[in-house]
2 protein chains.
Amino acid sequence: MDWREARRRGARATIVSSAWDLVREEGLPALSLRELARRSGITTPTVYAYFESKSAIYDAMFGAAAEDCAGWMADPVDTRDPVADLTTDVRRFVEFCTADIPRYQLLFQHTIPGFSPSDQAYAPAVRALERTRQLLRRSGVSDPRYLDLWTALTTGLVDQQISNDPGGTRWSRLIDDAVRMFVAYCHDPQSVDAGQRPASSESA
Amino acid sequence: MDWREARRRGARATIVSSAWDLVREEGLPALSLRELARRSGITTPTVYAYFESKSAIYDAMFGAAAEDCAGWMADPVDTRDPVADLTTDVRRFVEFCTADIPRYQLLFQHTIPGFSPSDQAYAPAVRALERTRQLLRRSGVSDPRYLDLWTALTTGLVDQQISNDPGGTRWSRLIDDAVRMFVAYCHDPQSVDAGQRPASSESA
DNA sequence: GTCTATAGCTGGATAGAC
DNA sequence: GTCTATCCAGCTATAGAC
């Protein structure tokens with residue numbers, strides 16, 4: 001392995017780390033190359049020695065965050081209770097997302113005007129989704145429609161938690177309910193009509 | 001009613017309308033007072049004759065969009081089938097959100113750095129939520145926790161539809177499933193364990 | 001690779017004449 | 001209320017010496 005290349009990677013990683021520190025404090029759109037250079041102890045042109053544009057920095061930040069996400073979610077959860085494993089998985093996901101909102105915005109919302117991640121930076125997210133797919137399979141859910149329903153449910157919890165109760169637990173504490181609701185329906189979607197119990201009171 | 005005041009309101013409304021045209025084309029963060037003035041047929045200082053700051057323009061835009069939302073959702077849905085009414089309501093909501101993504105971003109995501117809506121601009125959103133609460137009640141759901149679960153589920157569908165399949169129907173076509181899943185669980189949350197059916201195949 | 005210096009542009013907001 | 005003219009600040013990105 002080339003030492004020069006290793007040095008270069010290290011310098012890039014330092015800049016990306018400073019960039020994350022910056023946006024955590026100032027917000028995702030507040031990333032500026034001047035301030036980034038200042039915090040990294042270098043000057044703006046030097047930043048361009050490592051990244052060809054601001055967008056390339058966002059891409060490297062995206063890649064690092066996606067790796068963090070994959071690592072955070074990767075711990076084994078196999079307790080021989082598939083539903084409990086699913087619950088653990090969502091809990092981890094919600095914790096990961098709510099712990100760092102700018103990171104969530106870059107990874108899962110498309111809030112930066114010109115930026116979309118490269119395939120390389122996006123790869124860990126694909127792996128994470130595949131892992132979720134397998135967890136669902138072990139719980140007896142394999143219909144791809146239900147995988148979509150699952151991602152809607154979990155990102156909805158995260159989204160509401162972040163948007164309407166940042167730092168709180170108003171939605172994250174609903175994870176157990178959400179998972180049980182989801183699994184029950186996917187296991188027996190037809191049975192729901194039998195349980196219908198329309199309210200008789202109150203109209204218009 | 002004062003004619004001067006009416007004129008003033010009309011001019012303000014024109015500017016706000018131009019602002020929405022602009023962000024629909026260029027994206028929410030691309031709103032600039034220069035371009036807004038140009039499109040409105042006036043100059044930048046004149047904008048300041050009607051709005052004291054850029055943030056005030058965002059606030060007026062928010063208020064207009066919130067009124068649009070309330071109006072869009074307000075049509076009666078009473079078909080004497082509460083669950084069908086709920087489904088109609090979600091369908092309307094998803095259509096409203098996906099029809100105009102910058103509008104969705106301003107209303108429901110908090111993506112503009114310094115901006116948060118005034119209480120006045122926010123009021124229609126409160127009314128809409130109250131209406132949803134009543135619809136849920138008519139379906140036999142009154143636990144506030146389940147209202148939160150409901151908002152998570154519906155915004156999750158919108159969020160995934162916009163983020164991962166803009167212009168498509170990959171998530172919006174799951175609305176029926178989502179509503180039935182939700183109602184079934186809320187009507188009988190305890191029954192779900194009975195339906196457990198862990199998959200025996202496949203491990204690690 | 002790293003710097004100084006700066007180009008080139010766009011932004012929000014204001015002064016002051018009319 | 002509306003304009004012309006402008007201030008001042010910030011930004012990305014580059015030129016060119018070392």
Side-chain angles (χ1 to χ4, degrees), chain A residues 2-23 25-62 102 106 111-118, chain B residues 2-23 25-62 102 106 111-118:
Chain A
D2 194 347
W3 289 9
R4 298 173 200 273
E5 189 60 22
R7 272 275 185 233
R8 185 173 173 82
R9 284 173 192 269
R12 281 176 59 102
T14 300
I15 293 173
V16 170
S17 175
S18 297
W20 272 120
D21 290 344
L22 173 54
V23 300
E25 293 175 26
E26 310 284 344
L28 196 56
L31 176 63
S32 84
L33 301 187
R34 280 159 145 70
E35 180 66 11
L36 172 58
R38 198 188 63 77
R39 289 182 178 232
S40 305
I42 56 180
T43 59
T44 355
T46 304
V47 176
Y48 281 90
Y50 293 99
F51 299 95
E52 66 176 355
S53 70
K54 184 179 180 177
S55 196
I57 296 176
Y58 276 127
D59 201 61
M61 293 171 71
F62 187 102
L106 182 62
T111 176
I112 301 297
F115 169 72
S116 67
S118 63
Chain B
D2 193 349
W3 289 9
R4 299 173 199 274
E5 188 60 21
R7 272 274 185 234
R8 185 174 173 82
R9 283 173 192 268
R12 282 177 58 102
T14 300
I15 294 173
V16 169
S17 176
S18 297
W20 272 119
D21 290 343
L22 173 54
V23 301
E25 293 175 27
E26 310 283 345
L28 195 56
L31 175 64
S32 84
L33 300 188
R34 282 161 145 75
E35 180 67 12
L36 172 57
R38 197 189 62 77
R39 289 182 178 232
S40 305
I42 55 178
T43 59
T44 351
T46 305
V47 176
Y48 280 90
Y50 293 98
F51 299 94
E52 65 175 356
S53 70
K54 183 178 181 179
S55 196
I57 297 175
Y58 276 127
D59 201 60
M61 293 172 72
F62 187 102
L106 182 62
T111 176
I112 301 297
F115 169 71
S116 67
S118 62

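Proteins get letters first, then strands, A, B, ... in listed order; numbering begins at 1 in each.
Listed pair A:Y50 / C:dT2 meets the phosphate criterion, a side-chain N or O lying under 4.0 Å from OP1 or OP2. The phosphate of C:dG1 has neither OP1 nor OP2 within less than 4.0 Å of any side-chain N or O from A:T46. Dashed line: the shortest gap from a side-chain N or O of B:T44 to OP1 or OP2 of C:dA13 is not under 4.0 Å.
Residues B:E5 and B:R8 are not paired through a salt bridge, judged by the lack of any N-O separation under 4.0 Å between the basic side chain and the carboxylate.
Computed from coordinates, the A:E35 CD to D:dA9 P distance equals 17 Å when rounded to whole Å. Rounded to an integer number of Å, the gap from CD of B:E26 to C1' of C:dG11 is 15 Å. Residue B:Y48 contributes atom OH, which lies 12 Å from atom P of C:dA15 at whole-angstrom precision. The CZ atom of A:R12 sits 11 Å away from the P atom of C:dG1 (whole-angstrom rounding). Rounded to whole Å, atom C1' of C:dG12 lies 16 Å from atom CZ of B:F51. The CD1-P distance, from B:I112 to C:dG11, rounds to 14 Å in whole Å. What separates OH of A:Y58 from C1' of D:dC11 is a distance of 12 Å, to the nearest Å. The nearest whole Å value for the distance from the NZ atom in B:K54 to the C1' atom in D:dG10 is 13 Å.
Comparing B:R8 and B:P45 by the nucleotide of DNA chain D whose heavy atom lies nearest to each, the residue mapping closer to the 5' end is B:R8.
Within the nucleic acid shown, B:T43 comes within 4.0 Å of at least one base atom, counting heavy atoms only. At the heavy-atom level, A:L36 lies nowhere under 4.0 Å from the strands shown. Residue B:I57 is out of contact with every strand shown, counting any heavy-atom pair closer than 4.0 Å.
Within 3.5 Å, a donor on the side chain of B:R34 pairs with an acceptor on the base of C:dG12, or the reverse.
With D:dC3, C:dT2, D:dT12 as the candidates, the nucleotide lying closest to the side chain of B:I42 is D:dC3. For A:L33, taking side-chain heavy atoms from C-beta onward, the closest of the listed nucleotides C:dG1, D:dG1, D:dT12 is D:dT12.
Note that the OH atom of A:Y48 and the CD1 atom of A:I57 stand 7.0 Å from one another [nearest 0.5 Å].
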